[in-house]
Amino acid sequence: MHASAPHPEGLTPSEAIAWQRRQAPRVETTDRLPALAELTRVAGVDVGFEDLGRITRAAVAVLSYPDLQPVEQAIARLPTTFPYIPGLLSFREAPAVLAALAQLSALPEVLLVDGQGLAHPRRFGLACHLGVLTDLPAIGVGKTRLTGTYVEPGQERGAWSPLEHKGETIGAVLRSRSGVAPLFISIGHRISLPTALALTMACTRRYRLPETTRAAHRLASG
DNA sequence: GCGACAG
DNA sequence: ATCTTGTCGC
């Protein structure tokens with residue numbers, strides 16, 4: 001894997017914010033990935049912590065598509081060097097995720113990232129950060145909201161409503177399973193919102209979270 | 001100044 | 001995210 005830009009090291013919070021503002025224009029919001037009918041490898045990305053937070057543990061679970069069977073996995077453990085600050089999650093989690101991705105024998109065609117993409121105050125959440133640095137298509141799949149307002153979507157599986165912020169649609173609030181709390185889907189990189197929603201639904205079976213995310217979560221935590 | 005705030 | 005058992009509901 002070769003990154004299209006180095007991951008910034010040792011930045012202060014205000015420097016990290018400035019960096020995000022400079023990178024945000026690099027996010028591609030249209031589809032530049034295989035048609036869903038041609039997809040073969042999708043991956044879930046998640047991060048967990050060990051040793052009271054001193055160690056960051058990132059996991060990538062690659063699944064076949066559309067059958068969603070495990071194909072390959074990678075785990076990377078790195079010392080935690082940045083605190084959790086809303087809006088700056090990438091600086092805490094991305095280094096470990098990039099290290100895990102570098103271990104894969106073959107990169108997936110798209111990343112489903114645990115967190116936000118464009119649904120971020122500066123339009124550069126973790127999914128955008130990882131997508132732009134690796135130049136891989138990526139989708140932000142958040143379990144809760146960081147920013148934006150929305151109307152509660154219908155209770156049936158597949159129902160969704162736009163997530164808006166400052167006059168723009170930054171993502172969608174998706175009911176992945178009937179009657180469960182919705183997911184916050186947003187563009188990470190190289191994918192449109194409609195395609196991101198379709199792929200998230202295609203990766204979701206019996207549970208609220210996509211199988212990709214579940215697999216990665218088990219490796220990063222459980 | 002007062003809330004909100006991915007994981 | 002993480003510290004943690006049982007319990008309510010389908």
Side-chain angles (χ1 to χ4, degrees), chain A residues 7 13-14 16-17 19-21 23-24 27 43-61 75-100 111-133 138-150 155-157 163-166 169-189 193 196 200 205-210 212-222:
Chain A
H7 179 83
S14 78
I17 288 174
W19 187 84
Q20 291 181 321
R21 291 199 166 107
Q23 300 302 314
V27 173
V45 172
D46 192 24
V47 173
F49 295 87
E50 302 175 4
D51 194 26
L52 282 58
R54 286 188 279 267
I55 298 296
T56 298
R57 173 172 167 159
V60 177
I75 295 176
R77 300 166 72 260
L78 266 63
T80 302
T81 62
F82 203 88
Y84 168 67
I85 298 174
L88 299 181
L89 179 68
S90 302
F91 296 87
R92 178 178 172 79
E93 306 192 340
V97 174
L98 293 172
L111 261 29
L112 275 79
V113 182
D114 194 326
Q116 317 296 332
L118 286 183
H120 173 279
R122 291 170 292 284
R123 309 292 181 266
F124 204 69
L126 181 60
C128 296
H129 188 117
L130 294 173
V132 166
L133 292 191
I139 301 173
V141 181
K143 297 183 291 296
T144 61
R145 184 198 72 97
L146 202 213
T147 190
T149 59
Y150 63 96
Q155 292 299 310
E156 69 284 9
R157 167 178 163 81
L163 178 60
E164 326 199 293
H165 183 51
K166 293 186 173 179
T169 295
I170 59 175
V173 185
L174 173 69
R175 196 76 69 185
S176 57
R177 295 294 296 158
S178 296
V180 304
L183 257 27
F184 295 75
I185 309 301
S186 59
I187 290 172
H189 188 50
L193 186 56
T200 298
R205 301 316 199 195
R206 184 178 183 201
Y207 303 93
R208 177 171 82 121
L209 298 175
T212 40
T213 300
R214 287 166 45 75
H217 194 291
R218 287 187 303 245
L219 295 173
S221 305

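Letters A, B, ... are given to chains in the order of the sequence lines, protein chains preceding strands, and every chain is numbered from 1.
- Interface residues of residues 82-90 of chain A facing DNA chain B, ordered by number: Tyr84(A), Pro86(A), Gly87(A), Leu88(A), Leu89(A); criterion, heavy-atom separation under 4.0 Å.
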Dot-bracket notation for DNA chain C is requested: 5' to 3', Watson-Crick or G-U wobble pairs only, both distances under 3.5 Å, with ( ), [ ], | and . as defined. ..........
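- From the 5' end on, the contacts that DNA chain B makes with chain A at under 4.0 Å to a non-hydrogen atom open and close at dA4(B) to dG7(B).
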For each nucleotide in nucleotides 4-10 of chain C, reading 5' to 3', give B when a protein heavy atom comes within less than 4.0 Å of its base, S when such contact involves only the sugar-phosphate, and - otherwise. -------
Dot-bracket encoding per residue of DNA chain B, Watson-Crick/G-U cut-off under 3.5 Å, | denoting interstrand: .......
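- Under the 4.5 Å side-chain criterion, counting only non-hydrogen atoms from C-beta, Cys128(A) is not in contact with His189(A).
- By the 4.5 Å heavy-atom criterion applied to side chains, Leu88(A) and Arg122(A) are counted as neighbours.
- Nearest heavy atom pair, residue Arg177(A) against residue Arg205(A), reads NH1-O, 3.2 Å.
- In this structure, the side chains of Val141(A) and Pro210(A) come closer than 4.5 Å at one or more pairs of heavy atoms.
- Checked by atom type and distance alone, the side chain of Ser178(A) pairs as donor or acceptor with a backbone atom of Arg157(A) at under 3.5 Å.
- The shortest heavy-atom contact between Thr56(A) and Val47(A) is CG2-CG1, 3.5 Å.
- Inter-residue side-chain proximity for Ile170(A) and Thr147(A) is flagged as met; some heavy-atom pair is nearer than 4.5 Å.
- By the 30° and 60° cut-offs, the orientation of the rings of Phe124(A) relative to His129(A) is tilted.
- Judged purely by atom type and a 3.5 angstrom limit, Arg175(A) uses its side chain to pair as donor or acceptor with the backbone of Val180(A).
- When every heavy atom of Leu193(A) is checked against every heavy atom of Ser186(A), the shortest pair comes out as CD1-CA, 4.3 Å.
- When side chains are defined from C-beta on, Ser176(A) does not count as touching Leu209(A), because their heavy atoms never get closer than 4.5 Å.
- Using a 4.5 Å heavy-atom threshold, the side chains of Ile185(A) and Ile139(A) count as touching.
- Between Lys143(A) and Asp114(A) there is a salt bridge, since at least one side-chain N of the basic residue sits less than 4.0 Å from a carboxylate O of the acidic one.
- Counting non-hydrogen atoms under 4.0 angstrom, Ser221(A) reaches the backbone sugars and phosphates but no base.
- For residues 87-98 of chain A, the set of pairs meeting the salt bridge (charged side-chain N to carboxylate O under 4.0 Å, His left out) definition, not counting sequence neighbours, is empty.
- Rounding to whole angstrom units, CD of residue Glu93(A) and P of dA1(C) are separated by 9 Å.
- In this pair, Phe184(A) and Tyr150(A) present their aromatic rings perpendicular. The plane angle is above 60°, beyond the 30 to 60° band.
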